[in-house]
Amino acid sequence: MSVLSDRYINAMVSGNTELCIAIERQTGLFGYPPEIVSIGLRAIDEGRDPDAAIGAYIDGEVP
């Protein structure tokens with residue numbers, strides 16, 4: 001099974017917005033722009049807190 005970030009990127013590239021939205025809703029990241037969703041999904045894939053990773057990214061820390 002693919003990690004969430006890979007599934008999301010593949011769905012985005014293929015134009016499958018329904019799958020993108022489903023992944024965003026499933027992970028609580030719906031409403032964020034794709035760049036921020038990707039940061040959150042990578043954190044989830046790595047077993048980290050997506051909200052903390054997003055906050056660090058917004059604060060200018062390199063993820």
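Listed by chain and residue number, nothing satisfies the side-chain hydrogen bond (donor to acceptor under 3.5 Å, both in side chains) test with Gln26 (two or more places apart in sequence, or in another chain). With sequence neighbours excluded, no residue forms a side-chain hydrogen bond (donor to acceptor under 3.5 Å, both in side chains) with Glu18. With sequence neighbours excluded, the residues that form a side-chain hydrogen bond (donor to acceptor under 3.5 Å, both in side chains) with Ser5 are Asp45.
The structure places CD of Glu35 at 11.0 Å from CD1 of Ile54, a figure rounded to the nearest 0.5 Å. In this structure, Leu41 CG and Tyr8 OH are separated by 7.0 Å, a value rounded to the nearest 0.5 Å. Here the CZ-CD1 distance, from Arg7 to Ile23, works out to 4.5 Å after rounding to the nearest 0.5 Å. Rounded to the nearest 0.5 angstrom, Cys20 SG and Phe30 CZ are separated by 11.0 Å. Distance check, rounded to the nearest 0.5 Å: CG of Asn16 to CD1 of Ile21 gives 9.5 Å. Between Ile39 atom CD1 and Leu29 atom CG the span is 11.0 Å, to the nearest 0.5 Å.
At least one donor-acceptor pair closer than 3.5 Å links the side chain of Asp49 to the backbone N or O of Asp51.
The hydrophobic clustering, which links ILVMFWY residues whose side-chain heavy atoms are closer than 4.5 Å, places Ile9 and Met12 apart. The hydrophobic clustering, which links ILVMFWY residues whose side-chain heavy atoms are closer than 4.5 Å, places Ile58 and Tyr32 together.
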